[in-house]
Chemist: 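This is the structure I want to talk about, given as structure tokens.
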Amino acid sequence: MTEGNQSGAPVVEVQHARPLPVLVLADVSGSMDQDKKIETLNDAMASMINSFAAEDSLYGEITVGVITFGGAEARLHQPLVPASQAHWNSMSAGGRTPLGAALDLARTVLEDPEAVPKRAFQPTLVLVSDGIPTDEWEPALERLLASPRGKKATRLAVAVGPEAGGPAYQVLERFVANPAIPVVRTDELDRVRQFFQWVTVSVATRVRSGSPDDLSTFDSDELYDLTD
């Protein structure tokens with residue numbers, strides 16, 4: 001759209017690419033400080049953000065945010081911004097596992113029109129955890145899944161260690177809430193890297209397409225291949 005200004009020169013309205021939000025909920029409880037879990041997660045996150053920052057598409061712009069939950073609280077470790085503007089600061093681990101607080105904070109971020117404007121594409125939520133929540137997480141999950149953005153989001157999860165079918169694994173299954181999308185379970189840290197590489201490719205493929213909200217090309221078979 002072009003309009004005239006007081007000097008008579010035309011003013012060109014620049015149409016920015018629509019945001020494609022990726023919000024990671026990262027468990028940074030004390031158990032994540034064992035066996036190089038947090039170091040591996042930091043490396044995987046940094047690599048994903050760098051790859052997103054290199055994407056150049058006319059259809060959409062990948063934005064990235066990270067919520068950490070550990071100790072007594074959840075906090076916005078990385079505000080939801082274009083990947084090219086994100087500056088990754090490594091996470092540290094310690095304390096308990098307040099997943100409920102993280103789910104409520106995720107809902108708040110998704111409902112913030114400055115972080116996720118109405119014109120944004122459907123977000124991707126990624127939950128990473130290695131244990132059982134230590135707060136009231138179920139009401140918070142219900143609130144997230146009832147929210148407009150939360151219920152439409154593509155929700156993914158990786159269980160770093162918990163047995164398939166166990167209580168901690170079942171929490172992640174309820175977060176995903178989609179029988180067609182498996183929770184990736186791994187005892188091998190290389191699988192964590194591979195999971196985030198899959199997320200990177202999946203989101204990049206969406207943003208390059210003409211219809212990033214069309215998930216018909218979503219291939220969950222590769223997630224099953226990553227699951228122990």
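All values derive from a computational prediction rather than experimental measurement.
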Chemist: I'd like to know if the side chain of Arg208 and the backbone of Ser57 have a donor-acceptor N/O pair within less than 3.5 Å.
Modeler: no
Chemist: Tell me if a side-chain donor or acceptor on Asp27 pairs with a main-chain N or O of Asp130 at a distance below 3.5 Å.
Modeler: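 Present.
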Chemist: Going by heavy atoms in the side chains, are Phe175 and Leu125 under 4.5 Å from each other?
Modeler: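 Heavy-atom side-chain distance check passes, below 4.5 Å.
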Chemist: Do other residues, nucleotides or ligands put more than 12 heavy atoms under 6.0 Å from the CZ atom of Arg143?
Modeler: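 Counting other residues, nucleotides and ligands, CZ of Arg143 exceeds 12 neighbours.
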Chemist: Backbone N or O of Ala180 within a donor-acceptor pair of the Asn178 side chain at under 3.5 Å?
Modeler: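 Side chain of Asn178 to backbone of Ala180: a pair is present.
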Chemist: Could you tell me whether a side-chain N or O of Ser211 sits under 3.5 Å from a main-chain N or O of Asp213, the two making a donor and an acceptor?
Modeler: no
Chemist: Taking all non-hydrogen atoms of both residues into account, name the closest pair between Leu99 and Asp135 and its distance.
Modeler: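 Minimum heavy-atom separation between Leu99 and Asp135: N-OD1, 3.3 Å.
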Chemist: Around Gln85, counting heavy atoms of other residues, nucleotides and ligands shown, do more than 12 lie under 6.0 Å from its CD?
Modeler: yes
Chemist: Between NE2 of His77 and OG of Ser90, what distance do you get to the nearest 0.5 Å?
Modeler: 7.0 Å
Chemist: Using side chain to side chain contact (heavy atoms under 4.5 Å, CB included), reason through Met91 and Gln78 one step at a time and then give a plain yes or no.
Modeler: CA-CA 10 Å; Met91 303 174 291; Gln78 168 62 61; over 6 Å; no
Chemist: Sub-3.5 Å donor-acceptor pair from the side chain of Thr40 to the main-chain atoms of Lys36, do we have one?
Modeler: yes
Chemist: Side chain to side chain contact (heavy atoms under 4.5 Å, CB included), that's the test. Do Arg206 and Thr154 meet it? Break it down for me.
Modeler: CA-CA 12 Å; Arg206 283 179 59 195; Thr154 301; 4.3 Å; yes
Chemist: Under a 3.5 Å threshold, yes or no: a donor from one side chain and an acceptor from the other, between Arg193 and Ser47?
Modeler: no
Chemist: Tell me whether Glu111 at atom CD has more than 12 heavy atoms from other residues, nucleotides or ligands lying less than 6.0 Å away.
Modeler: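 More than 12 heavy atoms, drawn from other residues, nucleotides or ligands, come within 6.0 Å of this atom.
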Chemist: Does any part of the side chain of Phe196, heavy atoms only, come nearer than 4.5 Å to the side chain of Met45, both counted from C-beta?
Modeler: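 Touching, per the 4.5 Å side-chain cut-off.
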Chemist: Is it the case that one hydrophobic cluster holds both Phe195 and Ile181, taking links as side-chain heavy atoms less than 4.5 Å apart, direct or via other members?
Modeler: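 Same hydrophobic cluster.
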Chemist: Among Leu144, Thr68, Ile67, Leu110, which residue satisfies the side chain to side chain contact (heavy atoms under 4.5 Å, CB included) criterion with Leu105?
Modeler: Ile67
